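Accompanying notes for the structure given below.
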Protein chains: 2
Amino acid sequence: MIELDTTDRLILRALAQNATQSASALGRKLNLSQPATWRRIKRLREIGVIAGQKLDLDKEKLGFGVTVFLGVKLATKGRVSLEDFERAVSAIPEVQTVEHILGLYDYRLRVVARDISDFERVLRRRIMTLPGVGDVEANVLLSEERRPGPIG
Amino acid sequence: MIELDTTDRLILRALAQNATQSASALGRKLNLSQPATWRRIKRLREIGVIAGQKLDLDKEKLGFGVTVFLGVKLATKGRVSLEDFERAVSAIPEVQTVEHILGLYDYRLRVVARDISDFERVLRRRIMTLPGVGDVEANVLLSEERRPGPIG
DNA sequence: TTTGAAAAGGTGCTCAA
DNA sequence: TTGAGCACCTTTTCAAA
């Protein structure tokens with residue numbers, strides 16, 4: 001467990017909103033000198049609290065207007081079949097997220113497609129042919145709100 | 001719908017892998033001059049294909065080791081109750097994502113907590129008291145893999 | 001231990017040709 | 001596209017709180 005003081009949390013909160021701002025700009029907001037701010041950010045990276053930085057793309061503008069969540073139940077669940085499934089599903093470009101979960105379904109997949117008929121193609125030719133697939137449930141995404149989540 | 005050429009797609013793919021690389025470094029990889037690369041990136045930002053850049057934080061190192069997906073079915077689903085629910089759920093800091101979906105459940109929430117007993121607190125005092133909540137299903141996240149998804 | 005001031009070095013952005 | 005100029009950002013040093 002890692003100890004972060006109030007300033008660290010303020011830095012994380014600010015960077016969570018805008019990851020592109022520089023140490024000097026951030027320091028001005030927090031009344032902290034530029035090197036002090038920079039050192040704290042560097043430390044947060046080193047201890048791994050800041051794991052990375054990701055581009056966030058507008059999938060609709062890229063022509064992928066349909067997002068569907070699939071709940072997948074495996075027919076057989078040995079260690080091997082989990083690994084087989086994960087390896088195979090990782091090769092499908094339309095799958096954005098693979099979540100191994102505990103519950104009625106074994107996996108939840110976030111799948112993007114150009115439209116519904118494109119999704120049907122992915123579902124029939126890619127998903128239903130995955131090794132060990134049993135039940136599949138689909139939920140179409142209508143709208144989504146992402147929030148920073150708690151920090152400390 | 002926006003038209004992107006091959007070079008744009010290569011830029012997006014490269015930036016999706018490493019969002020911190022500069023226009024000059026990227027240009028070298030693609031055999032493109034630095035200003036040309038920079039102009040393309042700028043354009044991709046302007047037309048909104050690149051929506052932003054997000055920090056990705058290690059929630060476990062921040063002390064939030066438990067992630068749970070909640071399927072929530074509303075008891076009453078008028079326009080007002082959807083808005084009431086969304087407004088109320090947005091005020092819970094532990095909720096990272098609110099997804100309005102079509103299917104057995106009306107919403108999917110991504111909730112983080114320090115541990116299972118902390119999650120129970122959030123569930124009982126925050127989630128179950130939300131306006132209009134009917135059935136709730138919970139799935140604990142075991143592991144997760146995120147992928148860039150298709151580009152063009 | 002962590003800060004702030006100052007400065008060096010490097011890099012990226014911008015513009016003109 | 002190239003190259004030069006300029007600005008800013010990163011990184012280090014050092015003294016002080």
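What you see is a predicted model; the values in this text were computed from it and never measured. Residue numbers start from 1 in every chain, and the chains themselves are labelled A, B, ... in the order their sequence lines are given, proteins ahead of strands.
- Atom NZ of A/Lys77 has more than 12 neighbouring heavy atoms from other residues, nucleotides or ligands inside a 6.0 Å radius.
- Nucleotide D/dT2 holds its C1' atom 12 Å from the CZ atom of B/Arg39, rounded to whole Å.
- The backbone N or O of B/Pro148 sits nowhere less than 3.5 Å from a side-chain atom of B/Arg13 that would complete a donor-acceptor pair.
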What nitrogen or oxygen pairs link the protein and nucleotides 9-11 of chain D at under 3.5 Å?
from   : atom 1 : to      : atom 2 : distance (Å)
D/dC9  : OP1    : A/Ser22 : OG     : 3.2
D/dC9  : OP2    : A/Ser24 : OG     : 3.4
D/dT11 : OP2    : A/Trp38 : NE1    : 2.9

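- Results of the side-chain contact (heavy atoms from CB on, under 4.5 Å) test with B/Tyr107 over B/Lys73, B/Glu86, B/Glu99 single out B/Glu86 as the only residue that passes.
- Rounding to whole angstrom units, CG of residue B/Leu32 and P of C/dC13 are separated by 14 Å.
- Between A/Asn31 atom CG and C/dA5 atom P the separation is 12 Å, expressed in whole Å.
- Between the side chain of A/Asp106 and the backbone N or O of A/Leu74, at least one donor-acceptor pair lies under 3.5 Å.
- By the neighbour-count criterion of 12 heavy atoms within 6.0 Å, atom CZ of A/Arg126 is sparsely surrounded, having that number or fewer from other residues, nucleotides or ligands.
- For the side-chain contact (heavy atoms from CB on, under 4.5 Å) test, residues two or more places apart in sequence or in another chain that qualify with A/Lys29 are A/Gln21.
- In this structure, CG of A/Asp5 is placed 12 Å from C1' of C/dT1, rounded to the nearest angstrom.
- Between the A/Arg121 side chain and the A/Ala113 main chain, no donor and acceptor come within less than 3.5 Å of each other.
- Rotation axes derived from the C1' atoms of the five outermost pairs at either end of the helix from C/dT1-D/dA17 to C/dA17-D/dT1 lie 30° apart, to the nearest 10°.
- In this structure, A/Leu10 CG and A/Leu4 CG are separated by 11.5 Å, a value rounded to the nearest 0.5 Å.
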